[in-house]
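Report on the following structure.
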Amino acid sequence: MNRKKTVLIDGTGMLEEVYYALPDNCVKGIRNVVVRIIEEKQTDYIAAAFGNFNKDGIAAEDLKKKQELLKEALADLKIPVFEEEGARSLDLICSLAKNCEKEEKDVSVLTGNETFLMAVNEHVTVLIPGLGEEGVKLINWSADRVKAEFGLEPEQLKEVFSLERGAGIGRKTACRLLIQYGSLKTLYGRKEELESDQVRKALTEYEQQVNKEADSLCMKTDYNLRLDESKTIAESEIAEIMDMDFEPAGFPEEGEEISSSGWIKKEVTDLSDAEAVFARCATGASVGLQLAGTDKKISALALCFSKEECWCLIPQGDLTSEYLKEKTEEIIRQAEEITVLDLKSQLPFLNLNGEKTVFDASIAAYLIDPLKSSYEYNDLANDYLSLSLPSKTELLGKRTITQALEENRSQAVNCICSMAYVSFLCGNILRDELKKTDMEQLFYDIEMPLVYSLFSMEETGIRVERDRLKEYGDRLKIRIKETELKIYEQTGETFNINSPKQLGEILFEKLKLPGGKKTKTGFSTAADVLEKLAPDFPVIELILDYRQLTKLNSTYADGLAAYIGSDERIHGTFNQTITATGRISSTEPNLQNIPIRMELGREIRKVFVPQEGCVFVDADYSQIELRVLAHMSKDARLIGAYQQAEDIHAITASEVFHVPLLEVTALQRRNAKAVNFGIVYGISSFGLSEGLSITRKEASEYIEKYFETYPGVKAFLDKLVAEAKETGYALSMFGRRRPVPELKSSNFMQRSFGERVAMNSPIQGTAADIIKIAMIRVDSALKRQGLKSRIVLQVHDELLIEARLEELDQVKKLLVEEMKSAARLAVPLEVDANVGESWFDAK
DNA sequence: AACTTCACG
DNA sequence: ACGTACGTGAAGTTT
């Protein structure tokens, strides 16, 4: 007789088990299992039951949510769902099973809960996900299988579980004891025979708990639950369910990576599978995307369309890197929203012009909180998803994703999928945050377009004459050696002059020079300290020379040489998510601190040269920060001073010290200049006195006079501090935020720092905004006009262009005009521009 | 890894 | 009494 077959899904038991492996993806995972059972016609009837969770704690809340989702998903599959107030799913399922048996149906219980194994009999089997040879698969536990595995009848397992849970006895021991003694009762009656002290002790000590477990393992099978006969799964329904499947057909189900961090990451190396993924993509409104590779060649593409779907496409055979490139560009054109991390790093692999907005989640997160040290996927997962993911370094060590693909493929896949996944999930959260914080314009009109300008600048690079730099370094090395010997001669000792510790001991202990401790670790030998001693001790000058020479040699001569590529150019990195104020920074190498103030250092700029047929055009803003201050503070007198143009420091001196402009002395001008700097830095008498080597009292008087002269500035700075205290952040003209948590500090030092930051950030930040706008406009004007000249450097208030000779006039005009008109302020934005055969000449 | 020093705006 | 000017990055030394 052919008995009908029923599958009973223990929704709760499945969730509890699967949640461990796939916390974010358990519903989808379980649904897939159920769909497969239906598709493969493994059953005539199907039903599900839900009950209370055994677990509590943090996971319980989430599990409850997942349970509701799973109920919905099963209901969508037209599966009847049973639940009963306060009932355990174990009891509900067993009640159902009992009734099915009466109706002469065979039952399979799909669960993650091993407790069900005790309910196995001739007509009831249990399906539990377990590890097979090829990843996760369902193991069908029949009565024979239970006997083979445990050596016991299924019903005896109740006592095994009681011993395990109640007395903490291991499964193997528990089975052995029950095989030997037959039942718990007999075991307890004869426990004195036991050889193991440990087991005997556990049995005695935990007898109560064992009995309690045994009681709770008794099934309650009298719930009156019945399957509706009409709910037989019809052929038509199977077809319908298969259509509902939102997975592209034909994907590898076996051998897929099951991650502990929560989503299914699938590796695709086959062209037809890749086509299916891209087809899936076409319907996706929102996509998280990440590329990896080297030399513009894609080595992996990760795509995330939903919380449950993350694909990693790796070129192989027919599935070529070029194909991935074209498809990626297509997706970017078609998708409603594309989110990536670090867009600039993605541009080498794609032909994009910025026409379509690609949302850079890292930059969005930077705008929202610019004080973070990094904005990698694990940082964003922590901050916006409350999800702790292993960092790139933890997964790959020092390797890149491309390198790791060869040596440690699964970790590389994990890493790049994590990036796409986090992009996908954070995208909308960050879009909302930008809206809430009023930074959408800043983001979409300044930061995103800037990505392309910075990329272009990096790609262009700047030419550096290798041989000439080498000669410069050699000259330095000779002078270093000479100076070094003179210092040894004068101090009567050979020591490491580069060691502040050794130098301090020689100067202040051995030679007993005046001066004293200044740093935590010992004597300060900083230049400003030594300079005060220089007139009296000739060795000091030698040491300062030595310092300057070694600095130039190691950081610039040798340092820069290491970055010159085979194209004779240096392609540095310009970072957009580093500074607290909105400036960009430059690394590997730092091209924003090439010497200029000292004559010898300035020489280095002679090795920065344009390529053949080009010249440099350099343009910088004249006192952009003070002009921003004049604008933002609306101080009439300061604005007036700038409208007269000329020498702002001299005008300031004239007004502050009440002398005619033409009678301002060099000293007065110098003092006024220092005050101007101080204002921008967030003035304090301590700082100014230090900067001018005057007393604090004198410094206070200068500041007081300054504020008397420019009362609008005083009011403005006070307002900045007050507002930052109120809101917790400082604001630039374009809405850029800089949090100032120090303002809340009870520490005077910290709080004072916070006040200076509140005064400086809006000024520095606005200046940064303005040059960013200028950069974008200059860059796009060059490209729009079909010119070959390119921006090669940005140094905060300066842009350097490598200009084709034939484009020189046009470029120079364009550069100056775009910079001047980048923002409309109450005072003119003045720009100084120069042309030269080297960076040295163009300044 | 922290500290010191020093190059730039 | 407190004890720093604001914003960066790199190199070298010490721990």
Side-chain angles (χ1 to χ4, degrees), chain A residues 370-371 495-504 518-531 543-544 546-560 562-563 572-575 578-598 600-602 604-605 620-626 629 674-692 696 699 703 730 738 740 742 746-765 767-768 771 793-799 843:
Chain A
L371 299 185
F495 65 103
N496 186 348
I497 308 164
N498 281 321
S499 161
K501 195 183 164 206
Q502 291 181 38
L503 181 63
K518 229 194 147 187
T519 63
K520 305 169 198 181
T521 48
F523 303 106
S524 170
T525 64
D528 58 330
V529 175
L530 296 188
E531 269 160 21
I543 289 165
L544 290 169
Y546 178 86
R547 283 256 178 90
Q548 191 192 25
L549 294 167
T550 52
K551 177 83 177 181
L552 292 174
N553 183 54
S554 53
T555 305
Y556 300 102
D558 292 350
L560 287 177
Y563 290 98
T573 305
F574 290 89
N575 311 289
I578 298 288
T579 72
T581 53
R583 281 186 173 179
I584 61 173
S585 89
S586 163
T587 52
E588 291 181 307
N590 183 352
L591 294 170
Q592 291 180 322
N593 72 345
I594 304 301
I596 189 167
R597 295 172 187 170
M598 304 295 288
L600 181 63
R602 192 176 194 151
I604 290 181
R605 294 181 174 227
D620 67 335
Y621 284 112
S622 143
Q623 295 122 14
I624 187 167
E625 291 183 342
L626 277 181
L629 173 68
V675 175
N676 278 334
F677 268 96
I679 295 288
V680 169
Y681 289 157
I683 194 88
S684 78
S685 54
F686 300 109
L688 183 63
S689 64
E690 193 69 22
L692 278 177
R696 261 163 39 199
I703 294 166
R738 192 250 165 97
V740 195
E742 295 88 352
S746 57
N747 178 305
F748 171 84
M749 264 269 290
Q750 294 230 317
R751 206 168 51 248
S752 304
F753 173 72
E755 289 168 3
R756 292 194 296 274
V757 162
M759 295 186 258
N760 170 266
S761 300
I763 300 170
Q764 192 182 122
I771 191 147
L793 289 181
Q794 187 258 37
V795 194
H796 309 308
D797 65 351
E798 169 189 4
L799 292 177
K843 273 299 274 188

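Proteins get letters first, then strands, A, B, ... in listed order; numbering begins at 1 in each.
If A:Ser689 and A:Ile578 are placed on DNA chain C by their nearest nucleotide, the residue sitting closer to the 5' end is A:Ser689. Of the two residues near DNA chain C, A:Gly687 and A:Asn575, the one whose nearest nucleotide lies more 5' is A:Gly687.
Atom CG in A:Leu560 sits roughly 11 Å away from atom P in C:dA10 (whole-Å rounding). Atoms CG (A:Asp558) and P (C:dA11) sit 10 Å apart, rounded to a whole Å. Nucleotide C:dC6 holds its P atom 17 Å from the CG atom of A:Asn676, rounded to whole Å. In this entry the distance linking CD of A:Glu690 with C1' of C:dC6 reads 15 Å, nearest Å. Rounded to an integer number of Å, the gap from A:Glu588 CD to C:dA11 P is 10 Å. In this structure, CD of A:Glu742 is placed 15 Å from P of C:dT4, rounded to the nearest angstrom.
Residue contacts for A:Ala562: at a heavy-atom cut-off of 4.0 Å it reaches no nucleic acid atom on any strand shown. Heavy atoms of A:Ser761 sit nowhere under 4.0 angstrom from any nucleic acid atom. Heavy atoms of A:Asn496 sit under 4.0 angstrom from primed sugar atoms or phosphate atoms, though from no base atom. Heavy atoms of A:Gly682 sit nowhere under 4.0 angstrom from any nucleic acid atom. Nucleic acid contact for A:Ala580: sugar-phosphate only, since backbone atoms but no base atoms lie under 4.0 Å from a heavy atom of the residue. Counting any heavy atom pair closer than 4.0 Å across all strands shown, A:Arg751 reaches no nucleic acid atom. Using a 4.0 Å heavy-atom distance criterion, A:Ser684 is classed as a base contact.
Of all non-hydrogen atoms in A:Arg696 and A:Ser685, the two that sit nearest each other are O-CB, 3.9 Å. Between A:Thr519 and A:Gly522 the shortest heavy-atom distance is OG1-O, 2.9 Å.
A salt bridge links A:Arg583 and A:Glu625; the closest N-O separation between the charged side-chain nitrogens and carboxylate oxygens is under 4.0 Å.
C:dC6 and B:dG9 make up a base pair, with Watson-Crick or G-U wobble contacts both under 3.5 Å.
Straight-line distance between the P atoms of C:dC2 and B:dC6: roughly 26 Å, to the nearest whole Å. On the P atoms, B:dA7 is 16 Å away from C:dA5, given to the nearest whole Å.
Annotation: the span from A:Ile624 atom CD1 to A:Leu629 atom CG amounts to 12.5 Å, rounded to 0.5 Å. The line from CG of A:Asn593 to OG1 of A:Thr555 is 8.0 Å long, rounded to the nearest 0.5 Å.
For the OP1/OP2 pair of C:dT8 and a distance below 4.0 Å, the side-chain nitrogens and oxygens of A:Thr581 include no atom meeting the criterion. In terms of phosphate contacts, A:Ser585 brings a side-chain nitrogen or oxygen within less than 4.0 Å of OP1 or OP2 of C:dG9.
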Worksheet entry | Full working for side chain to side chain contact (heavy atoms under 4.5 Å, CB included) between A:Leu793 and A:Glu798 | CA-CA 8 Å; A:Leu793 289 181; A:Glu798 169 189 4; over 6 Å; no
Worksheet item: Could you go step by step and tell me if A:Ile594 and A:Leu560 meet the side chain to side chain contact (heavy atoms under 4.5 Å, CB included) rule?
Response: CA-CA 10 Å; A:Ile594 304 301; A:Leu560 287 177; 4.1 Å; yes
Worksheet, complete the sentence: Nucleotide by nucleotide, nucleotides 2-9 of chain B touches protein heavy atoms under 4.0 Å in the pattern (B base, S sugar-phosphate only, - none) -SSSBBBB
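For the residue pair A:Arg547 / A:Thr525, a side-chain donor-acceptor distance below 3.5 Å is found, with atom types taken as modelled.
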